[in-house]
Colleague: 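My structure is below; once you've seen it, I'll send some questions.
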Amino acid sequence: MSAERKVVPIQAEPELVPLFEAHKTVYPRTVAGFFQNWRWALVWLTQLAFYGTAWLQWGERQALLFDLQARRFYIFGLVLYPQDFIYLAGLLVISALALFLFTAVAGRLWCGFSCPQTVYTEIFLWIERRIEGDRGARMKLDAAPFSVEKLVKKWFKHVCWGVFALWTGFTFVGYFTPIRELAMSFITTRMGPWEVFWVLFYGLATYGNAGFLREQVCKYMCPYARFQSAMFDRDTLIVSYDAARGEPRGSRPRNADAAARGLGACTDCTLCVQVCPTGIDIRKGLQYECIGCGACADVCDGVMDKMGYARGLVKFTTQQGLAKGWSRAQIWRRVLRPRVLVYAGVLLAISLGLGLSLALRTPFKVDVVRDRGAMARIVAGGAIENVYRLQIMNATEAHQRFAIMASGLPGLVVTSEPEVEVDATASRWVAVRLQVPQQAAAAGGSHPIHFELRMLDGDAHVREKSVFLIPR
Ligand code: SF4
Ligand code: SF4
């Protein structure tokens with residue numbers, strides 16, 4: 001019996017998948033159009049707010065100042081203390097919910113239009129274009145051998161970037177140290193080492209992120225790019241290429257009959273790739289690198305206009321809308337779906353709650369601490385005395401007087417100073433003595449009592465719990 005031959009399947013050559021992608025410089029081309037106008041409007045808005053607000057005054061002080069050393073946040077008419085941490089937590093929850101809501105409605109709207117990375121990259125690109133020229137000129141300059149012209153252009157660009165980055169770092173630090181004092185210390189070269197460190201740190205971060213890393217921050221470093229797909233669904237507005245209309249793509253003369261040539265609307269001009277700040281081709285479908293800036297939609301609309309075709313080959317639409325050929329009204333009707341309504345409802349409720357709580361917030365706070373060194377004792381006259389330490393935080397910007405009262409036991413009286421004064425936005429510790437006549441004293445042990453402090457120039461009052469000890 002002849003031995004059966006074993007058939008060994010021929011294995012395909014294993015494919016080598018590089019784990020590291022070599023960086024290719026992206027040279028985004030200048031673009032004009034509807035979305036680009038919005039992007040620039042937001043660049044102006046955010047930057048005017050950032051660079052301008054730091055210089056606004058509120059009475060005698062800076063309107064917006066996060067004074068970490070004094071542990072006080074000044075937000076226009078509001079003074080917040082570490083005890084007000086809840087408001088910061090509320091603000092973070094609101095920001096997160098707003099991001100969920102905007103992502104569910106229109107994808108990476110934040111990334112494309114308002115994220116500081118996008119905004120600063122846009123500004124740095126603008127400087128680069130003014131000095132080195134548009135895409136083609138920049139590519140040519142980078143590929144050209146060393147020359148005086150290249151050196152001067154590159155040097156000038158980096159000086160402009162550096163100055164802008166340092167100004168950004170300086171403004172950022174100006175939200176934590178009064179900016180006028182900071183400017184004065186800079187002029188007189190008396191800036192403290194920490195201030196110098198943070199100005200340089202934030203300046204360098206701006207310079208590196210907006211000048212060099214650019215799209216790599218969005219592609220590889222930003223965590224939002226990784227989890228935003230969890231908030232997407234088929235009714236989320238995203239920038240999409242209408243492949244049914246565009247394919248088969250191909251170049252053609254301007255007045256050629258595309259149908260007769262068997263071509264779709266895409267002229268394969270690649271302008272949508274050339275303007276893309278992340279260097280991707282939107283015609284390959286939804287990609288996580290897309291920041292939804294709409295530059296490809298703007299440039300493609302221009303091409304469609306020149307060719308005499310209908311606009312919208314690349315546009316903001318939903319996956320459902322594109323697949324089913326929905327009109328704009330049909331798409332927008334689907335945008336208000338349950339997920340969006342839930343996000344919007346929760347966001348509204350938390351925002352209202354936070355606003356209300358801020359509006360009703362008492363303008364002072366009180367902490368009561370029992371004086372451990374002085375337990376209950378019997379004083380001259382036979383009364384029982386307990387001593388407490390009260391921390392009174394005056395959150396107003398005026399000097400205030402407070403009346404101190406106590407209740408909870410028969411005959412309980414304040415025998416220390418019944419009124420105290422606290423400076424504007426200051427806190428003060430005061431020792432308070434309470435006495436109960438021995439004959440009126442309740443049984444020995446610990447008895448709940450309340451301190452009540454009233455602001456004498458106003459009707460604000462605070463009630464705080466404590467205990468009164470009576471010796472057994
Ligand atoms: S810009 Fe429009 S026409 Fe040109 S390649 Fe891109 S999708 Fe096609
Ligand atoms: S694909 Fe279009 S929308 Fe997405 S990042 Fe590139 S230019 Fe912007």
Side-chain angles (χ1 to χ4, degrees), residues 24-40 42-43 102-103 105-115 117-122 125 134-135 210 213-222 224-225 228-229 232 236-256 258-259 261-319 322:
K24 293 184 208 90
T25 308
V26 178
Y27 297 90
R29 190 189 179 106
T30 307
V31 61
F34 178 78
F35 297 112
Q36 189 62 9
N37 290 345
W38 269 108
R39 289 186 89 200
W40 272 108
L42 280 156
V43 167
F102 295 141
T103 308
V105 171
R108 296 179 72 175
L109 203 59
W110 161 257
C111 302
F113 292 84
S114 314
C115 172
Q117 178 62 25
T118 302
V119 167
Y120 285 108
T121 301
E122 198 66 28
L125 258 173
D134 203 3
R135 176 184 157 87
L213 293 177
R214 293 188 176 171
E215 81 289 347
Q216 295 176 80
V217 175
C218 313
K219 281 162 82 169
Y220 308 118
M221 291 159 74
C222 176
Y224 176 57
Q228 40 100 16
S229 56
F232 270 46
T236 298
L237 285 165
I238 48 172
V239 178
S240 309
Y241 165 68
D242 189 347
R245 210 190 121 195
E247 300 296 320
R249 68 187 77 163
S251 60
R252 80 284 317 252
R254 190 175 291 187
N255 296 320
R261 292 171 178 241
L263 290 173
C266 176
T267 62
D268 206 14
C269 62
T270 73
L271 282 175
C272 50
V273 184
Q274 294 176 36
V275 296
C276 179
T278 63
I280 59 167
D281 185 346
I282 191 66
R283 294 172 300 170
K284 290 182 182 165
L286 178 62
Q287 293 147 78
Y288 82 93
E289 296 97 331
C290 174
I291 57 168
C293 67
C296 51
D298 276 340
V299 81
C300 190
D301 277 349
V303 176
M304 295 296 106
D305 288 350
K306 278 192 196 127
M307 298 301 292
Y309 302 163
R311 286 181 160 209
L313 178 58
V314 179
K315 60 184 172 190
F316 265 95
T317 184
T318 64
Q319 284 174 289
L322 201 58

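First listed ligand is number 1; within each ligand, the first listed atom is number 1. All of these numbers come straight from a predicted model, not from anything done at the bench.
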Colleague: Going by an N to O cut-off under 4.0 Å, is there a salt bridge joining Lys315 and Asp301?
Modeller: no

Colleague: Closer than 4.0 Å to some heavy atom of Val239 - which atoms of ligand 2 meet that?
Modeller: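 Once the distances to Val239 are compared, the set is 3 (S).
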
Colleague: Please check: side-chain N/O of Gln274 versus main-chain N/O of Tyr27, any donor-acceptor pairing under 3.5 Å?
Modeller: no

Colleague: Under a 3.5 Å distance rule, please check whether Arg252 uses its side chain to pair with a backbone N or O of Gly250 as donor and acceptor.
Modeller: yes

Colleague: Looking only at atom types and distance, does a side-chain atom of Arg39 sit under 3.5 Å from a main-chain N or O of Gly112, one as donor and one as acceptor?
Modeller: yes

Colleague: Identify the heavy atoms of Ile282 and Val239 that sit nearest to each other, and give their distance.
Modeller: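 Residues Ile282 and Val239, closest heavy atoms: CD1-O, 3.4 Å.
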
Colleague: So, Cys272 and atom 2 (Fe) of ligand 1: N/O/S under 2.8 Å, yes or no?
Modeller: no

Colleague: Any atoms of ligand 2 less than 4.0 Å from a non-hydrogen atom of Ile282? List them with their elements.
Modeller: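 Answer for ligand 2: 1 (S).
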
Colleague: For atom 8 (Fe) of ligand 1, decide whether Cys269 has an N, O or S atom at a distance under 2.8 Å.
Modeller: no

Colleague: Would you say the side-chain atoms of Asp281 pair up with the backbone N or O of Val273, donor to acceptor, closer than 3.5 Å?
Modeller: no

Colleague: For ligand 2, which atoms sit closer than 4.0 Å to a heavy atom of Gly294?
Modeller: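 In order of number, 3 (S), 8 (Fe).
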
Colleague: Does the side chain of Ser251 reach to within under 4.5 Å of the side chain of Thr267, using non-hydrogen atoms?
Modeller: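 No, every pair of side-chain atoms sits at 4.5 Å or beyond.
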
Colleague: What do we get for Thr270 next to ligand 1 when only non-hydrogen atoms under 4.0 Å count, side chain, backbone, both or neither?
Modeller: backbone

Colleague: Provide the number and element of each atom of ligand 2 under 4.0 Å from a heavy atom of Pro277.
Modeller: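 In order of number, 7 (S).
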
Colleague: In the protein, which heavy atom is nearest to atom 2 (Fe) of ligand 2, and how far is it?
Modeller: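 Heavy-atom neighbour on the protein nearest atom 2 (Fe) of ligand 2: Cys296 SG, 2.3 Å.
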
Colleague: Can you tell me the protein heavy atom closest to atom 4 (Fe) of ligand 2 and the distance?
Modeller: Cys290 SG, 2.4 Å

Colleague: Just need the protein heavy atom nearest to atom 6 (Fe) of ligand 2, so name the residue and atom and give the distance.
Modeller: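 Ranked first by proximity to atom 6 (Fe) of ligand 2 is Cys276 SG, 2.3 Å.
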
Colleague: Against ligand 2, does Val275 come closer than 4.0 Å with any heavy atom?
Modeller: no

Colleague: Measure Ile291 to ligand 2 on non-hydrogen atoms and call it side chain, backbone, both or neither using the 4.0 Å cut-off.
Modeller: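 Both backbone and side chain.
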
Colleague: Determine yes or no for a side-chain-to-main-chain donor-acceptor pair under 3.5 angstrom, with Arg311 supplying the side chain and Asp305 the backbone.
Modeller: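 Side chain of Arg311 to backbone of Asp305: no pair is present.
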
Colleague: Could you check if a side-chain atom of Val26 sits within less than 4.5 angstrom of a side-chain atom of Thr278, using non-hydrogen atoms only?
Modeller: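 Not touching, per the 4.5 Å side-chain cut-off.
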
Colleague: Ignoring hydrogens and angles, tell me if any N or O in the side chain of Gln36 forms a donor-acceptor pair with the backbone of Asp298 under 3.5 Å.
Modeller: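 Judged by distance alone, no pair lies under 3.5 Å.
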
Colleague: Could you see which bit of Arg283 sits under 4.0 Å from ligand 1, with heavy atoms only: side chain, backbone, both or neither?
Modeller: side chain

Colleague: Could you list the atoms of ligand 1 found under 4.0 angstrom from a heavy atom of Cys266?
Modeller: 3 (S), 5 (S), 7 (S), 8 (Fe)

Colleague: Test of understanding: given a 4.0 Å heavy-atom threshold, classify the contact between Val273 and ligand 1 as side chain, backbone, both, or neither.
Modeller: neither

Colleague: Could you identify the single nearest non-hydrogen protein atom to atom 8 (Fe) of ligand 2 and state the distance to 0.1 Å?
Modeller: Cys293 SG, 2.3 Å

